[in-house]
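A short write-up of the structure that comes next.
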Amino acid sequence: MSRPVADETRHPTLEALLSRPYPAVMGVLNITPDSFSDGGQFMTPDRALAQARRMIAEGADIIDIGAESTRPYGSQPVSHDEEMRRLKPVLAAVVALGAPISIDSMKSSIVEWALENGVAIANDVWGLQRDPDMARVVAAHNAPVIVMHNRDKPDDTLDIMRDIVEFFERSLKIAAKAGIPAGHIVLDPGIGFGKTPEQSMVVLARLNELQTLGFPILVGASRKRFINTVVQSEPQERLGGSLAAHLIAARSGARIIRTHDVADTVQALRVAHAIESTTVGMTGP
């Protein structure tokens, strides 16, 4: 079966998020002890809920909740039971806040439970290619899905843009076979995942090439390691680099930005849009 072809019929949740003139902002909520920049900060239900409230107040359009670290370097696999143990005390209260929630999980069993409990969007960092039941679960729940490019390890000999396109072609064929409509799919090139820092920057520089696939693009460059190769910095010191990457991504067509720093990202995106939208009605000197 051929891959789905993007059309004008989007899932209502995605339509609402993508209808505005500037990108939607996805706030990261990691209920993990080992995420690369905020591991352990939001492990208790009270802290997780407070952070979700804060991000919504700061302008987050989506809350992306994850209970297993998917950081590219050194994350430890988590069992289904442990992932559920972390999510169960938190998920219902976060869903009740009213913003669309995405579930960041590699396990179809976790995604299925989350979708049955009010989560709106599946976010699969292996693009429907790691868990053989993921596409079926997404299709059965008629849910939008974020399909991310990933690799087990970086290869600096690759044409990374070609690799991303070929990966997405495989994911889109899986989606079509499972019956996931094209209008339910968002593509994420996976900044920092299975890529060298240089390749991550290449992807950001050439992001507009992915527009030819015809699907909305999500970019999550927040606090990623490539920033450290330009200006030495710890993850919590990479706000400037994150904003620079996300503004470039927005200019190149990204429609959703995933970030740890919601207030600053919302301000940067909206001010950039306002400046670019200003009609030049005066002739300079």
[Y] and [X], any side-chain heavy atoms less than 4.5 Å apart:
X      : Y      : result
Ile256 : Leu18  : yes
Met201 : Thr229 : yes
Val147 : Phe215 : no
Pro23  : His273 : no
Trp113 : Val119 : no

(request) Check the surroundings of atom CD in Glu116: do more than 12 heavy atoms from other residues, nucleotides or ligands lie under 6.0 Å from it? (result)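 Correct, the count exceeds 12.
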(message) Taking atom CZ as the centre, does Arg251 end up with more than 12 heavy-atom neighbours from other residues, nucleotides or ligands that are less than 6.0 angstrom away?
(response)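 Not buried by this count: 12 neighbours or fewer within 6.0 Å.
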Under a 3.5 Å cutoff, is there a donor and acceptor pairing between the side chains of [X] and [Y]?
X      : Y      : result
Ser102 : Asp64  : yes
Thr196 : Asp156 : no
Ser105 : Glu83  : yes
His11  : Asn142 : no

Using a strict cut-off of less than 4.0 Å between a Lys/Arg side-chain nitrogen and an Asp/Glu carboxylate oxygen, indicate whether [X] and [Y] qualify as a salt bridge.
X      : Y      : value
Arg130 : Asp152 : yes
Arg170 : Glu166 : no
Asp261 : Arg223 : yes
Glu68  : Lys107 : yes
Asp155 : Lys195 : no
Lys173 : Glu169 : no

Check for a donor-acceptor pair, side chain of [X] on one end and backbone N or O of [Y] on the other, with a separation under 3.5 Å.
X      : Y      : answer
Glu237 : Glu234 : yes
Ser252 : Asn208 : no
Asp131 : Ser108 : yes
His246 : Ser242 : yes
Asp163 : Asp159 : no
Glu112 : His141 : no
Asn150 : Val125 : yes
Arg86  : Ala67  : yes
Asp188 : Val219 : no
Thr278 : Ala274 : yes

Testing the basics here: between [X] and [Y], what is the closest heavy-atom pair and its distance to 0.1 Å?
X      : Y      : value
Ile164 : Pro189 : CD1-O, 4.0 Å
Ala221 : Ala245 : CB-CB, 3.7 Å
Leu14  : Gly183 : CD1-O, 3.6 Å
Phe167 : Gln129 : O-NE2, 3.0 Å
Leu87  : Ile110 : CD1-CG2, 3.7 Å
Val90  : Pro45  : CG2-CA, 3.8 Å

(request) May I have the step-by-step check of side chain to side chain contact (heavy atoms under 4.5 Å, CB included) for Ser222 and Arg258, ending in yes or no? (result) CA-CA 7 Å; Ser222 181; Arg258 183 179 186 273; over 6 Å; no
(request) Run through the side-chain heavy atoms of Ile, Leu, Val, Met, Phe, Trp and Tyr, join any pair under 4.5 Å, and report what else lands in Tyr22's cluster. (result)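 None, because no other hydrophobic side chain comes under 4.5 Å of this residue.
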(request) Could you tell me which residues satisfy side chain to side chain donor-acceptor pair (under 3.5 Å) with Thr259, sequence neighbours excluded, listed by chain and number? (result)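 For Thr259, the residues satisfying side chain to side chain donor-acceptor pair (under 3.5 Å) (neighbours in sequence not counted) are Thr265.
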